[in-house]
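Throughout, residue positions are numbered sequentially from 1 according to the sequence presented. The basis for the numbers below is simple: all heavy atoms, side chains too, and nothing from hydrogens, waters or symmetry mates. Keep in mind that this is a model prediction, so the values were computed, not measured.
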Amino acid sequence: MPSDEYRIEPFLLAVLSRRFEAICREMTNTILKASRSSVIKNARDFSVGILTGDHRLVSVEDGLPVHVTALDLSTKAVVQHFSDIRPGDAFVNNCPYTGGTHHADLDIIVPVFSGDEIAFWVFTRCHHADMGAPLPTTYLPKAATIYEEGLHFPCVRIQENYADKADIVRIGLTKIRASQFWFGDYLAQVGASRVGERRLKELLVKYGKAVIEDFVEDWILYGKRRAAAAISQLPSGTWTYETAHDPVPGVAEAGIPVKVQVTVDSAAGRVVVDATNNIDCINGGFNLSEATATAACRIGVYVNLDPTIPHNHGSAEQISVLLRDGCVVGRPKFPAGTSVATTNVNDRLINAVACCFAQMGQPFGIAEGGAMMASGLAVISGTDPRRNNRPYVTQLFLGFSGGPAVHGHDGWVTYNDADTCGMLMLDSIEVDESMYPILVEERKIAIDTMGHGQWDGAPAMTGTYRNLAGTMSVIYCSDGDLNAARGVLGGMRGSPSANYKQGSASWQPLPSFHTELCEEGESMRFVAGGGGGYGDPQMRDPDRVVRSINRGWLSLERAQQIYGVAVKPNADGAFLEVDLERTAALRSKTSTSSTATASMEASK
């Protein structure tokens with residue numbers, strides 16, 4: 001049993017924790033340098049991690065929260081399926097029923113031996129743009145079962161004695177579109193995992209197995225104590241919150257409600273998240289896997305705690321997650337589809353957990369973040385005549401939704417969504433245009449899209465991209481077109497998302513969940529969702545309001561109507577500044593923002 005006392009000196013704890021982070025960073029850089037597809041090397045839709053031999057998370061570095069918050073489910077599945085694990089093995093997994101997130105996230109799992117025992121597991125998880133589904137995408141709203149999702153590797157040994165099993169690789173090369181990209185990304189993952197394996201073996205030799213084992217116990221204990229101390233600063237009690245995913249035609253006509261209950265025991269330093277009171281699995285791809293549902297509940301708590309707390313097994317132990325079998329946000333019942341498990345409904349679950357804390361009152365809690373998957377994040381595919389009609393499939397990351405406001409801070413502009421929390425990167429336009437037959441005509445902040453508040457949710461992005469050659473399939477799952485991100489404690493909603501296509505005439509609106517064939521010369525336009533606001537907009541610092549106007553994010557009309565702020569040209573006439581006298585008069589007319597809020601909500 002682990003001790004409740006530290007075993008090594010504090011300075012060595014700091015040194016070794018940084019060493020483990022450095023190993024993760026080297027693995028990350030290996031994937032960035034060696035991967036082929038833009039979804040991985042450009043947008044960084046991947047994560048790495050290190051776990052102990054008994055499946056306790058030790059370290060992650062720059063990982064996506066939804067990827068790394070329940071990695072143990074996959075390593076436990078490997079042990080359940082194999083009794084002859086040896087040095088040089090590598091296992092591939094992308095099955096939600098063996099610990100995976102969803103079928104697009106491919107895991108490469110490598111055991112690190114010390115003598116005859118598994119001392120660690122090194123883990124890479126990358127989002128692959130295609131896994132051989134009937135449609136060229138990895139987000140399939142109508143995929144009611146896993147049989148409609150494409151290729152699944154349910155914890156399969158893909159390497160023995162450090163060599164590929166050619167028959168397993170051949171399955172991927174045959175089944176997956178644009179398989180040269182898939183295979184290059186697979187090799188990058190294997191290379192990163194082997195780098196992690198070598199570095200951990202070097203560390204075990206340098207410090208000795210006993211010291212490294214003591215460090216692991218101390219690091220996990222440190223995470224546990226830090227989390228407990230942060231939770232002890234919260235008020236004890238139970239809070240509930242309900243939100244909803246947009247209706248999905250043919251799958252969930254009335255939308256998908258998401259309810260949670262959060263109980264804080266500040267004396268014990270523990271949080272219990274209960275997500276059992278939700279509907280059963282639906283006949284579509286929006287069911288969460290156990291990995292994503294567990295991760296979502298933990299993420300919703302983590303975003304309300306000190307961000308310097310180690311996100312390891314120790315801190316996760318202070319967050320108990322209650323899930324139900326056969327539930328849309330629980331443990332799915334085989335063979336329910338989970339194609340969209342990492343994003344849409346998962347984001348709603350994270351938001352619901354996070355917003356429970358706002359019911360404690362200021363300064364606690366966080367607003368809802370903007371929904372994602374508008375056509376700026378579509379999966380595009382086709383053949384490129386510029387390259388001898390070579391097939392391509394990739395997910396774009398051209399425009400992100402706005403982040404939620406928190407007490408003291410406006411939302412994060414490059415947030416994207418709740419399950420990535422700003423860790424994804426916006427695509428480099430130049431890289432996308434060099435790899436695929438598209439021209440990005442515009443990408444910018446959409447004016448007046450933030451959720452207004454004492455602290456604003458972040459505004460959304462909008463943009464346009466044009467198909468340059470052939471017929472391009474554009475597939476997306478745009479949540480938030482109806483149920484935009486809500487504010488808390490008097491904060492207002494962010495803007496909804498929207499999608500359009502332009503042919504020879506005007507822009508035409510498109511459905512929220514859609515496959516569009518875009519011919520050469522036709523353009524797609526997206527508007528992502530804005531983040532929810534926090535607190536009464538009339539309490540916002542007028543200088544912050546003017547800053548948003550000068551940035552081009554906020555109109556003068558909204559500044560007066562919502563915030564009660566008037567402006568005038570500054571001394572040199574280059575920018576605007578607060579007109580103190582007129583602002584005082586505007587704000588004196590309304591002691592609260594109820595009238596402005598009602599007016600704005602009616603206009604949305």
Side-chain angles (χ1 to χ4, degrees), residues 23-24 27 31 46-60 63 66-128 131 146 151-165 167-169 171-172 185-201 204 216 289-295 312-313 316 331-332 334 338 341-342:
I23 293 172
C24 287
M27 293 169 64
I31 292 175
F46 71 91
S47 303
V48 306
I50 300 171
L51 300 91
T52 63
D54 59 353
H55 316 291
R56 291 177 294 158
L57 183 62
V58 179
S59 187
V60 294
V66 70
H67 279 176
V68 301
T69 319
L71 291 180
D72 59 295
L73 295 177
S74 283
T75 58
K76 288 174 181 175
V78 172
V79 172
Q80 289 169 2
H81 286 84
F82 294 90
S83 59
D84 60 342
I85 301 171
R86 297 179 295 270
D89 282 350
F91 301 88
V92 60
N93 181 51
N94 71 325
C95 180
Y97 295 96
T98 52
T101 50
H102 73 149
H103 72 287
D105 288 340
L106 199 71
D107 306 338
I108 297 296
I109 306 165
V110 167
V112 180
F113 279 80
S114 177
D116 295 330
E117 296 181 347
I118 299 175
F120 295 101
W121 299 92
V122 290
F123 201 110
T124 66
R125 174 171 280 165
C126 292
H127 179 100
H128 292 251
M131 286 303 298
I146 67 169
L151 184 60
H152 283 75
F153 293 103
C155 281
V156 173
R157 182 154 37 203
I158 197 167
Q159 282 197 335
E160 286 184 301
N161 196 27
Y162 297 98
D164 284 345
K165 298 184 73 172
D167 51 348
I168 304 299
V169 173
I171 292 172
D185 293 337
Y186 158 74
L187 292 177
Q189 285 190 252
V190 170
S193 298
R194 294 306 181 192
V195 165
E197 179 188 20
R198 288 197 300 272
R199 296 295 179 257
L200 284 169
K201 286 184 173 181
L204 286 162
V216 167
S289 60
E290 182 180 4
T292 58
T294 301
N312 62 20
H313 178 79
R331 289 178 291 269
F334 185 87
T338 59
T342 55

| field | salt bridge (charged side-chain N to carboxylate O under 4.0 Å, His left out) against Arg194, all qualifying residues, sequence neighbours excluded | value | Glu197
| field | Gly53 backbone acceptor or donor facing Glu117 side chain under 3.5 Å | value | no
| request: Please tell me if the side chains of Asp89 and Gln159 come closer than 4.5 Å, counting only heavy atoms from C-beta onward. | output: no
| Val48 and Val68: which non-hydrogen atoms are nearest, and at how many Å? | O-CG1, 4.0 Å
| remark: In Asn94, Asp107, Val66, the residue satisfying side chain to side chain contact (heavy atoms under 4.5 Å, CB included) with Arg125 is Asp107
| Quick one: ring pair (Phe, Tyr, Trp, His ring centres under 6.0 Å) partners of Tyr162, sequence neighbours excluded? | none
| note | Value for OG (Ser289) from CD1 (Ile146), rounded to nearest 0.5 Å, stands at 12.0 Å
| Euclidean distance, Phe120 CZ relative to Ser114 OG, rounded to 0.5 Å | 8.5 Å
| query | Is there a donor-acceptor pair under 3.5 Å between the side chain of Asn161 and the backbone N or O of Gly88? | reply | no
| query | Can you name the closest pair of heavy atoms from Gly99 and Ala291 and give their distance? | reply | O-CB, 3.6 Å
| task | Among Asp72, Val112, Val79, find the one that has a side chain to side chain contact (heavy atoms under 4.5 Å, CB included) with Trp121. | result | Val79
| field | Heavy-atom closest pair, residues Leu151 and Gly172 | value | CD2-CA, 4.0 Å
| task | Could you grab the distance from atom NE2 of His102 to atom CE of Met131, nearest 0.5 Å is fine? | result | 10.0 Å
| remark: Nearest heavy-atom approach of Thr98 to Pro154 is OG1-CA, 3.7 Å
| query | Heavy-atom distance under 4.5 Å between the side chains of Ile85 and Phe113, does that happen here? | reply | yes
| task | Output the distance between atom CG (Asn93) and atom SG (Cys155), rounded to the nearest 0.5 Å. | result | 4.0 Å
| said: For the backbone of Thr292 and the side chain of Thr101, can you confirm whether one donor and one acceptor N or O come within less than 3.5 Å of each other? | reply: no
